[in-house]
Structure formats: structure tokens, C-alpha cells
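The structure appears right after this line, and notes come after that.
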Amino acid sequence: MSQEIQKDSSSRIKAATRAIALVGPYGAGKTSLLESIAAITGAVPRKGSVQGGSSLGDSAPEARARQMSVEMNVLTTQYLGEEFTFLDCPGSIEFLGDTLNLLPGIDAAIVVCEPDVAKVIMLQPFLKRLADAGVPHLLFVNKFDKARMPLRALLTIFQEASEKPLLLRQIPIWEQGVATGFVDLALERAFAYRPHAASVVNDIADHAREKEARFQMLEKLADYDEHLMEELVGDVEPSATEVFGGLKREMAEGLVVPVLIGSAEGDNGVRRLLKSLRHDVPDVTTAAARAGLTAGSDAVMQIIKTLHGDHGGKLSLARVLRGQVKDGAMLHGAEGREARIGGIFALVGDKLVKRVGAGMGDVVALARLEPFATGESLSTTKGGGGQLPLERLTPVYRLAVMAQDRKDEVKLSSAIARLCEEDPTLLFEHNAETNDLIIAGQGEIHLKVAVEKLLSRYNLKLTTRAPLVPYRETIRKAGSARGRHKRQSGGHGQFGDVMLEIAPAPRGSGFSFHDRIKGGVVPKQWIGSVERGVRDYMKSGPLGFPVVDLTVALTDGSYHTVDSSDAAFQTAGRLAMSEGMPGCDPVLLEPIMRVQVHVPSEATAKVNGLVSGRRGAPLGYDARRGWRGWDTVRCEMPLSEVSDLIVDLRSLTQGVGTYEMQFARLAELGGKLADTIVATRKAA
């Protein structure tokens, strides 16, 4: 976040700002659309370029290097006297968290896509979640000047990705196979594109085609409007007020998804898109009602993103859903937490614009709200805050991270904690068994970007690798061994003598210890000492891994009235185990996970092959619940094979496949693979 702070001296009374999310697949041109909007509305003096590295958004080095969004871009601007905040979300499914965090508090979304049927599969995760959240949305088919397929044919295929009916609002004007303009079916006007300038109104050349398309649009609107249906049946031309009112109402209620066309690169169709937003998008009261807010005198806001600036301060990007808030106001969250606002700022790209307050609908950055996290709702009255229901994504990729310089280890934990605040889909954990520091997230690029941020922001140089797999070992046959510990070094010595019987136990039953001593050859006060020695040995068996699923019985032994002690019998127990275990046919156990893979149906057969190639066992598949055209493939797979599964899975599914997993059981592992694992552990 830039430290450049400008002052907003405006004190005019204005209508509530409307918040619009730009969502859609990677490469569709969302950030280019943001640049076009910024230029058209005068938010920037000159239009930037993603390819040229001069865009308003994607200013972070991680985004510039990849020419793709890796975090949300924000633009607050005005168009025809009304204020809008556009929130440009990353298109990669690995950064979907930014989109999900926005849903409770936005007024509408523009789903940006390309006129390419091969990429329709990438649309569904966005359209599905918008529909489920009840967020009004429209489809903007970008790059339409490069379309090579009729719009109606495209729309038929796009409809497969949308649960809501797609409503064609515009049709293209073609000249020699190139889209040179469009007809607005509601306005009944034709517009000719001009590069980086407003379109020119023309006469409609093909009236028959326009009339047919307009009638089909009205028919779809009439599916939810009895009066309009009566007019169409009676061959009565509906008024412009009725048509525009129907478009606004049915989009706001989520009954239809209007479809507009254009080219953000040439600024074509963008002004008409802005006018549609100005007319059709509901105000903030609709979003507030969707979030469960009723009328009230206090101010309520939702934190949609947490940011840490170059200056080290924490900023909470929040949408004001009700009321007015001023700089210095005390905000209250859940569980009695509170904090005073240390500054209010509007965002224009990575620039901060100082404000004295924020009104209903505004999206602003609030400084110094240390106790609060993304997803929380805050209020100016006590007890008014809470946690909004956000979809939490399950981690699908993990990396073990180590600071190259040991003096940075403490700094590393603090820096990763900050990244996790900014991005709740990142998780940070310490595996006590393997001693790995692990960051987990939504994919390979997601974690690579996190590691790069740690370097660019905090100068932390890291080494990364796949996390160690928590292998176990057990035995296949029974055995027995004596452990005798005797040491004399002047004064009291040490003496402990035990005989142990070791036997395998059923898989998953754990460990049990039995006292079968007769005649008091090992006094009762030392029985527990023997068990502690056995358990201590089991932390690392003959193969070098924790031992599970066996029984140990203490059957015989001897003691010394002076030299025997707790420590002596613990040592004797460990010695007996180290003598006996190698002869009990030790075997390596690997964790097997129960995995549910979610993919579009056309990829199901390929996923079954992927599972088999990773030593997995397919268990069948079913239609994915709530997802039209998707399957859930059930399988079991070794944890070691799941570690980079998401990389191949995303490759098979144009980036949209995902999975969930739970521990299922431990299974024996033999052969060369087991030998390699054991040798690696011993070398380490």
C-alpha cells in the first residue's frame, strides 16, 4: 500500500456509493476493464496497461511479474454524478478468497468473460457462488471485437454455467466478420464503436433481426411479469418505463443475468455498461438486508479485506452498510472487543485519499483496528458487531518453510501471521512431530506469491519444500527380549532388569501395556517406570518412525534393594524394546487419506486415471451436490501422493478442480519406496 496520502475536501451531500465487484476467470480482462472505467470516469489522467506494467491495479511486484491479479484492486470514482467503488478480484481460483469475502456486502457483480466456449468451464465457480449468495450480477462478454462465433451460440453454451437465465441485452453489429458496434435492445438504438471514445448512435440497419432479439428479451422478462406477458400476448408494445423497470427489478431480485458485450482494451461498450450499472444496480439497503441488517441509528460496517501497508500500519477495508461514521469513532465487535478508528481513507489503486468520515455505502480503509479481522461486522454501539457467514476454503496445497538465516525465525512467524490476516485462505501451523513450519493455501501459485511477499515486504529469504509425511511403523510378528541396566560408579548405582513380550495389535488399536509380574520380582512402584521407558522408545522404532499398534507385556525381571530406581527401570524398558523390536519384523505404515475430488463431469474419467497413477484407489463418483454438470470422485490415496495433487488436478480442469481430504487409516508400505523413505529418514 502506497504511503502517498491525498486529502478529499469534498463535503457535498451525495447518494449512497454503490459497490460493484469485477469477477471472472483469469485472463478475461477484469483489470483492463477497471483501467477503462478509471479513464472514462476521469479517475486517472491517462489509461494504464496491464501488459505495459502501468495499470492502476496490479501494482504489486508479484502481480506485475505474472501480469495477473494476485489480490483485490480498488477504485472509487464518479460517473454522471453518482459514486461507485469497483472491487477488481483476482481471476485465478487460487485467489478466490477475495471474492468470497466481498459477497455479503456488495451491491452487484460484473462477471467478465471472453467470447470463447473453451473457457466456459471457468465461469461456473463465480456464477454459482453469486447465485447462492443472492448477489445481483450481469455478464460482460469482453474482447468481443475478437469474437469468432455468433453471440447466440455463445450464449447457449454460457447458459450451461449459469443457474440463472441469461438475458441478452445487446446484439453485435457485424461488418466483414468483425463486431463494429452493437444494438441496445432495451433502448432500441444502434451504436458504432470508436477507439477510446464514446460510441456513435446510428440507425438500426437490420430491423428484423433487432425486433426478433428484442421480442426474445421481452419474453424472458415476461416469465416473471404477468402484466408484460399479457401485453406481449395481446401484441401491445410495452412502454420504455416498463421495460427498464422490469430489467432493474428482475436483475435486483436475481431472476435474470443481463448480458452485455464490449472490449475493455478499446473502451468499447464500457460507457453503456456504466449506464446500465447506474440505472439497474440496487442501492446499499438491499445489500444490508441481505446481510441481515434492519433499520437502526448506529453505523454498521463489514470488513472485506485487511491490508498491511509499506508504512507498517494495518488498514481494514470496510463497507458501510448502515449509518455514518467519523474519524476517531469507537467501533465495537463481537465478544466485547473494541477499537478507535485511527484514520479513514478512500482507495484509488494503491493510493490513499484522506477522508473525515464515511457514509452509507462507502468502501473505505479504516486505520488501527487491530482487534478485528476480515469478515467481521462492526458497529458504533456495543453489542452490534458480529461475524458474517463467509465460505471458508479448505487448504489444498502445503509448503514447509524455513528461514535461511536463523536469526529471522522469530520474524518469520510474525510476517506470516500478517499475510494470514490479509488472506484468510492462508493458514500457518507448526507440526510438532515433524517440526515443520507449514503454510497452507489454495495452490502452488498462491503459496509462491506468499513466499515472494515475505521477501519483498519483510526481506525474509526462505527455503521451501514439501512437508514431511508423518509415517508410522509397526510389527508383523511377536517376540521377546530382556533389558538389563546395571551401572556402578561409587555410592548408589543403577539397576533395572525386565523381560518383555512384544506382539502386534489390530490396526488402529494403538498401544497397550500389561503387567504380568508374579512374585514381586519387579516391585509395583517400578511397573510404571518400565511402561514409560517403553513409550519413550516408541517415539522412534527400528525404522526411525513412531511405533503404533502393538502390545507389550512385562513378564519377568529383577531388582536391587538399593540401586533400583525409576530411571533404572525406564532405561531397562527402553533397552528391552531396542533388543526385541528389530526381530519382530518391523514394517512402515503410511497415512491413507479419504479424498473427495470435485470436477466438471467431462474431467471425471481423467481424474480416475490421475488417482490410479498416484497409488490411489477410486471408490466411485456421484453428481456434486448443488453443482450442475459437476461430479464428486471418491477415492483413497496415500498422503504423500496428495501433496501436489492439486497441481495436476487444476491442469486437467482449466484451473477449477478442487478436493477435500480426511485421514482414513494407516496402511503397510513395502518395497523400494519404503526402503528409500527409511534410508532418507536415517540419513536425516
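Not measured: the values here are computed from a predicted model.
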Original post:
Shortest non-hydrogen contact from Leu307 to Glu422?
Top reply: C-OE2, 3.8 Å

Original post:
Will you find, in the side chains of Ser239 and Thr241, an N or O donor that is under 3.5 Å from an N or O acceptor?
Top reply: no

Original post:
Is the shortest heavy-atom distance from the side chain of Asp132 to the side chain of Glu391 under 4.5 Å?
Top reply: no

Original post:
Just wondering, do Lys326 and Val356 contact through their side chains at under 4.5 Å, heavy atoms?
Top reply: no

**OP:** Mind telling me whether Phe84 and Phe86 have parallel, tilted or perpendicular rings, with 30° and 60° as the class edges?
**Re:** parallel

Original post:
Does any N or O in the side chain of Glu35 come within less than 3.5 Å of the main-chain N or O of Leu56, such that one atom is a donor and the other an acceptor?
Top reply: yes

**OP:** Applying side-chain contact (heavy atoms from CB on, under 4.5 Å) between Arg319 and each of Ile303, Asp107, Thr17, report the one that passes.
**Re:** Asp107

**OP:** Starting at CD of Gln302, measure out to CG of Leu321 and round the result to the nearest 0.5 Å.
**Re:** 6.5 Å

Subject >> Pair Arg337 + Glu376: basic N to acidic O under 4.0 Å >> reply: yes

Original post:
Taking Asn142 for the side chain and Ala264 for the main chain, is one N or O donor matched with an acceptor at less than 3.5 Å?
Top reply: yes

Original post:
Is Ile341 close to Leu331 at the side-chain level, that is, under 4.5 Å between some pair of heavy atoms?
Top reply: yes

Original post:
Which pair of non-hydrogen atoms, one from Phe140 and one from Ser263, has the smallest distance, and what is that distance?
Top reply: CZ-N, 4.2 Å

Original post:
Checking Lys382 side chain against Glu338 main chain: does a donor-acceptor pair fall under 3.5 Å?
Top reply: no

Subject >> Exercise: identify the closest heavy-atom pair between Ala19 and Leu87 >> reply: CB-CD1, 4.3 Å

Subject >> Leu427 side chain near Ile439 side chain, heavy-atom distance below 4.5 Å >> reply: no

Subject >> Sole residue of Leu366, Asp362, Val363, Val364 in side-chain contact (heavy atoms from CB on, under 4.5 Å) with Met301 >> reply: Leu366

Subject >> Value rounded to 0.5 Å, distance of OG1 in Thr41 from CD in Gln78 >> reply: 9.0 Å

Original post:
Does atom CZ of Arg189 have more than 12 heavy-atom neighbours, drawn from other residues, nucleotides or ligands, at distances under 6.0 Å?
Top reply: no

Subject >> From Arg355, Arg340, Lys354, residue fulfilling side chain to side chain donor-acceptor pair (under 3.5 Å) relative to Asp327 >> reply: Lys354

Original post:
Between Lys305 and Asn101, is any pair of side-chain heavy atoms under 4.5 Å apart?
Top reply: no

Original post:
Backbone N or O of Arg278 within a donor-acceptor pair of the Arg18 side chain at under 3.5 Å?
Top reply: yes

Original post:
Hey, are Asp280 and Arg169 close enough for a salt bridge, meaning a charged N less than 4.0 Å from a carboxylate O?
Top reply: yes

Subject >> Distance, nearest 0.5 Å, that separates CG of Leu228 from CG of Asp223 >> reply: 9.5 Å

Original post:
Under the 3.5 angstrom rule, does the side chain of Gln170 hit a backbone N or O of Ile261 as a donor-acceptor pair?
Top reply: yes

**OP:** If the plane angle is over 60° it's perpendicular, under 30° parallel, otherwise tilted; pick one for Phe191 and Phe182.
**Re:** parallel

Original post:
Is there a donor-acceptor pair under 3.5 Å between the side chain of Arg322 and the backbone N or O of Ser379?
Top reply: no

**OP:** Carefully, step by step, assess Met360 and Thr285 under the rule side chain to side chain contact (heavy atoms under 4.5 Å, CB included).
**Re:** CA-CA 9 Å; Met360 191 167 173; Thr285 57; 3.5 Å; yes

Subject >> Heavy-atom side-chain contact between His137 and Phe126 under 4.5 Å >> reply: no

Subject >> For Tyr224 against Arg249, the heavy-atom pair lying closest together >> reply: O-NH2, 4.3 Å

Original post:
Counting heavy atoms not belonging to Lys448, are there more than 12 under 6.0 Å from its NZ?
Top reply: no

**OP:** Identify the heavy atoms of Val281 and Met251 that sit nearest to each other, and give their distance.
**Re:** CG2-CE, 4.2 Å

**OP:** Tell me yes or no: between the side chains of Ser36 and Asp267, is some donor less than 3.5 Å from an acceptor?
**Re:** yes

Original post:
Would you say Gln442's side chain and Ile93's backbone share a donor-acceptor pair under 3.5 angstrom?
Top reply: no

Original post:
Does Pro25 offer a backbone N or O that forms a donor-acceptor pair with the side chain of Lys30 under 3.5 Å?
Top reply: yes

Original post:
What's the spacing between Arg650 CZ and Ser92 OG if we round to 0.5 Å?
Top reply: 7.0 Å

Original post:
Should Glu71 and Lys453 count as an ion pair when the cut-off is N to O under 4.0 Å?
Top reply: yes

Original post:
Should Glu163 and Lys128 be marked as a salt bridge (Lys or Arg N to Asp or Glu O under 4.0 Å) after you check the CA-CA gap, both sets of side-chain angles, and the distance that decides it?
Top reply: CA-CA 7 Å; Glu163 296 178 358; Lys128 165 72 174 168; 3.1 Å; yes

Original post:
Given His279 and Phe244, is the ring pair (Phe, Tyr, Trp, His ring centres under 6.0 Å) satisfied, shown in steps?
Top reply: CA-CA 9 Å; His279 184 274; Phe244 282 103; 5.6 Å; yes

**OP:** Indicate yes or no for a side-chain donor-acceptor contact from Lys314 to the backbone of Glu370 under 3.5 Å, with no hydrogens or angles considered.
**Re:** yes

Subject >> Arg628 side chain vs Ala161 backbone, donor-acceptor pair below 3.5 Å >> reply: no

**OP:** Would you check if Ser413 and Glu409 make a side-chain contact, meaning some heavy-atom pair closer than 4.5 Å?
**Re:** no

Original post:
Hey, what do you get for CG (Leu80) to CZ (Arg271), rounding to the nearest 0.5 Å?
Top reply: 10.5 Å

Original post:
For atom CD of Glu62, is the number of surrounding heavy atoms from other residues, nucleotides or ligands below 6.0 Å larger than 12?
Top reply: yes

**OP:** Measure the shortest side-chain to side-chain distance between Ile646 and Glu94 over non-hydrogen atoms and say whether it is less than 4.5 angstrom.
**Re:** no

**OP:** Start with the C-alpha gap between Leu437 and Phe428, add the side-chain angles, then the distance that decides, and say whether side chain to side chain contact (heavy atoms under 4.5 Å, CB included) holds.
**Re:** CA-CA 7 Å; Leu437 288 176; Phe428 180 47; 3.9 Å; yes

Subject >> Value rounded to 0.5 Å, distance of NZ in Lys47 from CG in Leu34 >> reply: 11.0 Å

**OP:** Provide the closest heavy-atom pair for Gly323 versus Val320 in the form atom of the first, atom of the second, distance.
**Re:** O-CG1, 3.5 Å

Original post:
Going through the checks in order, is the side chain to side chain contact (heavy atoms under 4.5 Å, CB included) test met by Leu378 and Leu369?
Top reply: CA-CA 10 Å; Leu378 311 178; Leu369 300 185; 3.9 Å; yes

**OP:** Step by step, work out the side chain to side chain contact (heavy atoms under 4.5 Å, CB included) result for Thr76 and Val353.
**Re:** CA-CA 10 Å; Thr76 297; Val353 180; over 6 Å; no

